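Everything numeric in this text was worked out from a predicted model, so none of it was measured.
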Amino acid sequence: MVGMVFQAPNPFPTMSIYENVAAGLTLNRKGISKSDKDAVVERSLRGAHLWEEVKDRLDKQVLSSPAGSSSDSAYSRAIAVEPEGAAD
């Protein structure tokens with residue numbers, strides 16, 4: 001499995017930070033529970049060193065968040081799908 005972040009990150013502008021990070025999970029793991037999705041979103045944001053910064057505004061749209069958040073959420077979205085070699 002591959003996670004991809006383009007040179008110009010493409011967050012989904014109408015989605016919240018949480019929804020952007022969970023987008024790949026929603027597409028690839030149809031039966032994932034809310035609690036499992038929550039855990040993956042948190043783990044992904046921690047992996048991108050963003051959890052402390054965004055944990056209180058997961059429900060806010062990415063584009064309404066501070067500068068840099070769009071690329072940060074794209075990195076977290078790539079981590080969430082657990083690409084091969086990500087832990088290496």
Spacing of [atom1] belonging to [X] relative to [atom2] belonging to [Y], to within rounding of 0.5 Å:
{"X": "Glu53", "Y": "Leu45", "atom1": "CD", "atom2": "CG", "result": "10.0 Å"}
{"X": "Asn20", "Y": "Leu58", "atom1": "CG", "atom2": "CG", "result": "11.5 Å"}
{"X": "Ile17", "Y": "Gln61", "atom1": "CD1", "atom2": "CD", "result": "10.0 Å"}

Worksheet item: Would you say the side chain of Lys37 lies within less than 4.5 Å of the side chain of Thr26, judging by non-hydrogen atoms?
Response: yes
Fill in: Residue pair Tyr18 / Val54, side-chain heavy-atom distance below 4.5 Å
no
